[in-house]
Protein chains: 2
Amino acid sequence: MDEKDLKIIEILMKDGRKSYTDIARELGTSESSIRKRVKKLEEEGVIKGYTAIIDPSKIGYNVVALTGFDTEPDKFLSVAHELCKFEEVKKVFTSTGDHMIMAEIWAKNGKEFSDLIFNKIGKIDGIKKICPAIILEQIK
Amino acid sequence: MDEKDLKIIEILMKDGRKSYTDIARELGTSESSIRKRVKKLEEEGVIKGYTAIIDPSKIGYNVVALTGFDTEPDKFLSVAHELCKFEEVKKVFTSTGDHMIMAEIWAKNGKEFSDLIFNKIGKIDGIKKICPAIILEQIK
DNA sequence: TTTGAAAATTGGCCTAA
DNA sequence: TTAGGCCAATTTTCAAA
């Protein structure tokens, strides 16, 4: 892990589909050098994967919410695990602060979101409180 | 925007570097069809870009925090805008719920994080309250 | 790092709906 | 007119030396 690896990571965070050849040109080195470094970074788990950044509203998901969950202490991990099973739950974090678990949840509209929160996710055993913060706009 | 577009999006969210040829094979169609659909999705802003998913701790960022900001109502937008200028601030959202602004902030350690919060970001005009929730683990 | 073969990308052109 | 298919030139990927 050196300066060049960090540069590669920076470039791939900006454009995850940039070709090794392009990165090599940008950093003034060879394509195979870049490819081997990227492969190593992937194997080491530094690069965990690649993803397309989607505008949820453009595919019909008009409600995206950062949702905090408070749980009974001993049910904490099982709640987190259950949350992951929902297709609408895109990300799950454990955290300090106001809530033990934070999740990013996508829903088509307010009705579907409340149905999801009250009738499905809310039914998970061990959840004490749900605190949704609906994202209005992603600025950065 | 049809079923096939949604499938393409799903595939590219799982692996943002998958080749058009591979996607075509998976969906039983031709490479050029995929290519033209992806290009259109990009032009329409459905696909906003691609990114490598990095494990922050593996590149020395041991503190990642979802941080809520309360602002004076009229300074709301300028605060959001100022936040975006910090390299350590990776994402900025406006939201309903407890806080008007939510940001994902990366720091190398607790010391750097508190320095950032108290001495730099905290100095932005219009901020009334900062509520950091440090992410312990990303499960999904 | 270099090299060469295999694979993917790209642009143009054609057909069909 | 638009989406899909086909082909040929170029570029990229990938493994072996």
Side-chain angles (χ1 to χ4, degrees), chain A residues 1-62 64 87-88 90-91 106-109 112 138 140, chain B residues 1-61 87 90-91 138 140:
Chain A
M1 171 65 60
D2 58 9
E3 193 55 40
K4 195 161 273 182
D5 282 334
L6 287 174
K7 285 242 180 73
I8 292 171
I9 288 167
E10 201 180 305
I11 290 170
L12 284 174
M13 281 177 79
K14 277 209 205 84
D15 178 4
R17 274 184 90 83
K18 185 160 275 196
S19 74
Y20 301 141
T21 315
D22 274 354
I23 299 171
R25 269 195 284 266
E26 205 168 320
L27 301 185
T29 177
S30 74
E31 174 271 330
S32 65
S33 155
I34 299 293
R35 184 154 42 82
K36 280 167 190 169
R37 280 171 179 270
V38 170
K39 194 178 175 206
K40 194 158 172 230
L41 291 169
E42 288 169 355
E43 283 166 355
E44 291 169 349
V46 180
I47 297 175
K48 293 195 288 182
Y50 303 88
T51 188
I53 303 162
I54 302 302
D55 183 337
S57 69
K58 296 232 166 107
I59 56 171
Y61 289 88
N62 293 294
V64 175
E87 199 256 315
E88 299 92 338
K90 299 294 178 183
K91 292 178 192 167
W106 291 20
K108 297 216 186 282
N109 51 53
E112 280 203 14
Q138 177 159 5
K140 180 178 181 178
Chain B
M1 172 66 59
D2 58 9
E3 194 56 39
K4 194 162 276 181
D5 282 334
L6 287 174
K7 285 241 181 73
I8 293 171
I9 288 167
E10 202 180 304
I11 290 170
L12 283 174
M13 281 177 78
K14 276 207 207 85
D15 178 3
R17 273 184 91 82
K18 187 161 273 197
S19 74
Y20 299 145
T21 316
D22 274 354
I23 299 171
R25 269 195 286 266
E26 202 167 323
L27 300 185
T29 177
S30 75
E31 173 276 326
S32 68
S33 160
I34 300 294
R35 174 159 42 101
K36 282 159 194 173
R37 279 172 178 268
V38 171
K39 193 179 173 205
K40 200 164 170 214
L41 291 169
E42 289 169 354
E43 283 166 356
E44 291 168 350
V46 180
I47 297 174
K48 293 195 287 183
Y50 304 88
T51 187
I53 304 163
I54 303 301
D55 183 336
S57 70
K58 296 234 166 103
I59 55 170
Y61 288 89
E87 199 254 317
K90 298 294 179 183
K91 292 178 193 166
Q138 176 159 7
K140 181 178 180 178

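A quick note: this is a predicted structure, and the numbers were derived from the prediction, not measured. First the proteins, then the strands, lettered A, B, ... as listed; each starts at 1.
In the set D:dT13, D:dA3, D:dG5, the nucleotide with an atom closest to the side chain of B:S30 is D:dG5. Checked against D:dG5, C:dT9, D:dA3, the side chain of B:S19 finds its nearest nucleotide in C:dT9. Taking the side chain of B:T21 as heavy atoms from C-beta on, and the options D:dA3, D:dT12, C:dA8, the nearest nucleotide is C:dA8. For B:R37, counting side-chain heavy atoms from C-beta on, the closest listed nucleotide (D:dG5, C:dT1, D:dA3) is D:dA3.
If you measure from atom CD1 of B:I34 to atom P of C:dA8, you get 14 Å, rounded to the nearest angstrom. B:K18 has its NZ atom 17 Å from the C1' atom of C:dT9, to the nearest Å. Here the P atom of nucleotide C:dT9 and the NZ atom of B:K39 are 15 Å apart, to the nearest Å. Between the CD atom of B:E43 and the P atom of D:dT2 there is a distance of 13 Å, rounded to whole Å. Per the geometry, CG belonging to A:D22 stands 18 Å off P belonging to D:dT10, to the nearest Å. Rounded to a whole Å, the CZ atom of B:R25 is 19 Å from the P atom of D:dG4. We find that CZ of A:R17 is positioned 19 Å from P of D:dT11, with the value rounded to whole Å. At whole-Å resolution of the value, CD1 in B:I23 and P in D:dG4 are 14 Å apart.
At least one donor-acceptor pair under 3.5 Å links the side chain of B:T51 to the backbone N or O of A:M13.
Between B:K40 and D:dT2 there is no side-chain polar atom (N or O) within less than 4.0 angstrom of OP1 or OP2.
Counting non-hydrogen atoms under 4.0 angstrom, A:S32 reaches a base of the nucleic acid. Counting non-hydrogen atoms under 4.0 angstrom, B:R35 reaches a base of the nucleic acid.
Contact of the B:E3 side chain with the B:L27 side chain is not registered, since no non-hydrogen atoms from C-beta on lie closer than 4.5 Å. Side-chain contact check for A:I53 versus B:I47: every heavy-atom pair is 4.5 Å or farther apart.
Along DNA chain D, the nucleotide closest to B:K4 and the one closest to B:E31 are compared, and the more 5′ of them pairs with B:K4.
A salt bridge is defined here as a Lys NZ or Arg NE, NH1 or NH2 lying under 4.0 Å from an Asp or Glu carboxylate O, and B:D5 with A:K58 fails to meet this definition. Salt-bridge check for B:D55 with A:K48: failed, with every basic side-chain N at 4.0 Å or more from each acidic carboxylate O.
Judged by distance alone with a 3.5 Å cut-off, a donor-acceptor contact links the side chain of A:K36 to the base of C:dT1.
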